[in-house]
**Student:** 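Have a look at this one before I ask anything.
Both backbone and side-chain heavy atoms feed into the values below; hydrogens, waters and symmetry mates do not. Just so we're on the same page: letters track the sequence lines, and every chain starts at 1. Owing to the predicted nature of the structure, the values given are computational and were not obtained by experimental measurement.
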Number of protein chains: 2
Amino acid sequence: MHSYGQYCPVAKGAEIFADRWTPLILRELLADVHRFSDLYRGLPGISRSLLVSRLRQLERADVVERRPAASGAAAGYHLTEGGRELRPVVMALGEWAARRAFGDPEPADLKPEVLMGWIARRVNRDLLPDRRVLVRFDLRDTPKRWWWMILEAADVSVCRQDPGFALDLSVTAGLADLYRLWLGRVSFDEARADGSVRVEGATALVRAFPRWLGLSPLAPAVRAGAR
Amino acid sequence: MHSYGQYCPVAKGAEIFADRWTPLILRELLADVHRFSDLYRGLPGISRSLLVSRLRQLERADVVERRPAASGAAAGYHLTEGGRELRPVVMALGEWAARRAFGDPEPADLKPEVLMGWIARRVNRDLLPDRRVLVRFDLRDTPKRWWWMILEAADVSVCRQDPGFALDLSVTAGLADLYRLWLGRVSFDEARADGSVRVEGATALVRAFPRWLGLSPLAPAVRAGAR
DNA sequence: CAGTATCCTCGAGGATACTG
DNA sequence: CAGTATCCTCGAGGATACTG
């Protein structure tokens with residue numbers, strides 16, 4: 001970690017926070033991603049060794065704590081109390097960018113596996129019905145179009161193969177359209193109205209789906225910036 | 001500027017903000033430092049070419065605007081409206097660090113010329129008397145001990161030579177003590193009580209001095225973190 | 001004062017293969 | 001799954017001298 005050689009809180013904070021990849025690693029940890037492989041998959045472009053090195057730096061700064069596998073619990077990285085207090089910093093940065101540095105998506109920034117992970121993690125599980133729901137996403141403009149999401153109160157998981165049991169809902173959208181919706185650049189009503197996102201299935205489920213879908217925590221800021 | 005290749009506000013914000021030196025440059029601009037040489041002097045350790053390159057990046061990001069010299073006004077760098085909106089981000093980072101990553105000063109972090117600049121810029125000029133006040137600082141544990149500060153409602157300036165006119169106040173302190181005071185780690189009363197900072201001169205001026213001295217904007221957070 | 005131009009260094013981090 | 005070990009590259013940025 002680079003030292004600025006200044007006795008100033010902004011300098012000390014920047015030494016810890018303002019390093020390549022670190023804000024994104026904190027974003028993942030704040031979104032309750034804890035396992036090394038999940039962090040790695042959520043940050044395409046980082047190398048395994050750089051991720052390890054950043055996590056070690058954050059451990060030394062008392063922001064992250066590595067919990068070895070215990071009975072029942074998998075090993076993983078967790079924010080300390082001090083680390084959790086970085087949420088307002090990450091949010092302030094994201095809110096600023098949502099308003100001031102966030103345009104329409106560039107194709108190179110759109111990654112189906114990243115978006116599917118974001119969506120799955122933010123599903124409002126307490127609003128789900130008392131049974132397993134299977135949703136298929138058809139990202140019609142991508143090479144590997146089909147994604148399945150299994151929604152249960154206990155867990156939401158994503159897979160690339162048809163799990164084989166009965167489909168409840170089918171969502172059809174362009175990749176950019178689904179990104180725009182989840183990030184709040186367009187509302188569900190707008191996306192439905194212009195046909196960019198289509199949801200099909202039993203009427204009750206189609207109606208419930210928008211409530212299950214938890215948008216990005218930055219969706220309100222993106223929405224405000226898009227007007 | 002490095003791209004993270006993600007359509008996410010935190011990523012886009014980090015591309016602009018979370019780069020080496022950038023948070024400190026923004027701190028200076030937010031503190032109304034505008035001239036290239038003043039920015040350079042406030043960031044010991046940066047090279048001229050790196051400062052130029054960071055300022056250019058911030059111009060491209062629409063955060064900074066370079067105003068060429070006009071009649072009466074010197075050339076300088078100014079925050080755009082979007083740039084000024086980064087203040088909550090810089091403050092959130094500083095407040096976090098003040099609470100969680102800010103201990104007692106390391107000798108290598110203490111630089112008299114930096115601290116004198118900070119103090120001069122934050123003097124409460126509207127509380128000054130209706131005349132010029134000359135204050136001499138004796139940083140008794142540093143090689144170049146003597147600093148003079150000329151306080152006027154219109155401007156506060158620092159110099160290394162005795163300006164020659166009558167001295168109003170004399171402040172004697174160790175360098176670390178003066179840093180601790182200005183950053184809020186100790187209060188004026190505590191510093192006076194333990195003798196770490198001594199102020200001498202006419203009684204009325206000695207009484208008024210603590211009100212003239214505007215502490216760091218992060219002093220409340222440092223104070224809260226130091227207990 | 002406010003930079004630019006040139007040359008060069010070194011260390012951050014990538015690529016790849018391997019491991020408990 | 002969660003890393004470590006090794007080797008190597010390249011580009012960010014330092015040093016220095018110069019300029020309108």
**Student:** Going by the rule side-chain contact (heavy atoms from CB on, under 4.5 Å), which residues pair with B/Asp155 if we only count those two or more places apart in sequence or in a different chain?
**Tutor:**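 Partners of B/Asp155 under the side-chain contact (heavy atoms from CB on, under 4.5 Å) test: B/Ser157.
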**Student:** In which stems does DNA chain D show up, taking only runs of three or more Watson-Crick or G-U wobble pairs whose two distances fall under 3.5 Å?
**Tutor:**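 The stems that DNA chain D takes part in, listed by first number, are C:1-20 with D:1-20.
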**Student:** Partners of B/Arg121 by side chain to side chain donor-acceptor pair (under 3.5 Å), sequence neighbours excluded?
**Tutor:**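 Residues passing side chain to side chain donor-acceptor pair (under 3.5 Å) with B/Arg121: B/Glu28.
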**Student:** For B/Arg145, give me all partners under side chain to side chain donor-acceptor pair (under 3.5 Å), at least two apart in sequence or on another chain.
**Tutor:**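 By the side chain to side chain donor-acceptor pair (under 3.5 Å) rule, B/Arg145 matches B/Asp138.
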**Student:** Identify, with sequence neighbours excluded, every residue that meets side-chain contact (heavy atoms from CB on, under 4.5 Å) alongside B/Phe137.
**Tutor:**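 With neighbours one apart ignored, the set is B/Met116, B/Val135, B/Trp147, B/Met149, B/Val171, B/Leu178, B/Phe209.
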**Student:** With salt bridge (charged side-chain N to carboxylate O under 4.0 Å, His left out) as the rule and sequence neighbours excluded, what pairs involving residues 158-167 of chain B come up?
**Tutor:**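 Residue pairs with at least one partner in residues 158-167 of chain B: there are none.
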**Student:** For a 4.0 angstrom threshold against heavy atoms of chain A, report the outermost contacting nucleotides of DNA chain D in 5' to 3' order.
**Tutor:**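 The contacted stretch runs from D/dC1 to D/dT4.
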**Student:** Of the residues in residues 37-70 of chain B, which ones touch DNA chain D at a heavy-atom distance under 4.0 Å?
**Tutor:**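 The answer is B/Ser47, B/Leu50, B/Arg54.
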**Student:** Sequence neighbours excluded, which residues qualify as side-chain contact (heavy atoms from CB on, under 4.5 Å) partners of B/Glu65?
**Tutor:**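 With sequence neighbours excluded, B/Glu65 shows a side-chain contact (heavy atoms from CB on, under 4.5 Å) to B/Arg67, B/Thr80, given in chain and number order.
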**Student:** With sequence neighbours excluded, what pairs up with B/Leu175 under the side-chain contact (heavy atoms from CB on, under 4.5 Å) test?
**Tutor:**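 Listed in chain order: B/Leu110, B/Pro112, B/Leu115, B/Leu139, B/Asp141, B/Thr142, B/Tyr179.
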**Student:** The criterion is side chain to side chain donor-acceptor pair (under 3.5 Å); which residues satisfy it with B/Arg84, sequence neighbours excluded?
**Tutor:**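 Expected list: none.
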**Student:** Give a yes or no on whether the ring-centroid distance for B/Phe17 and A/Trp96 is below 6.0 angstrom.
**Tutor:**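 Aromatic pair excluded; centres sit 6.0 Å or further apart.
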**Student:** Check side chain to side chain donor-acceptor pair (under 3.5 Å) between B/Glu81 and all other residues, then give those that pass, not counting sequence neighbours.
**Tutor:**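 Counting only residues at least two positions away or on another chain, B/Glu81 forms a side chain to side chain donor-acceptor pair (under 3.5 Å) with A/Arg100.
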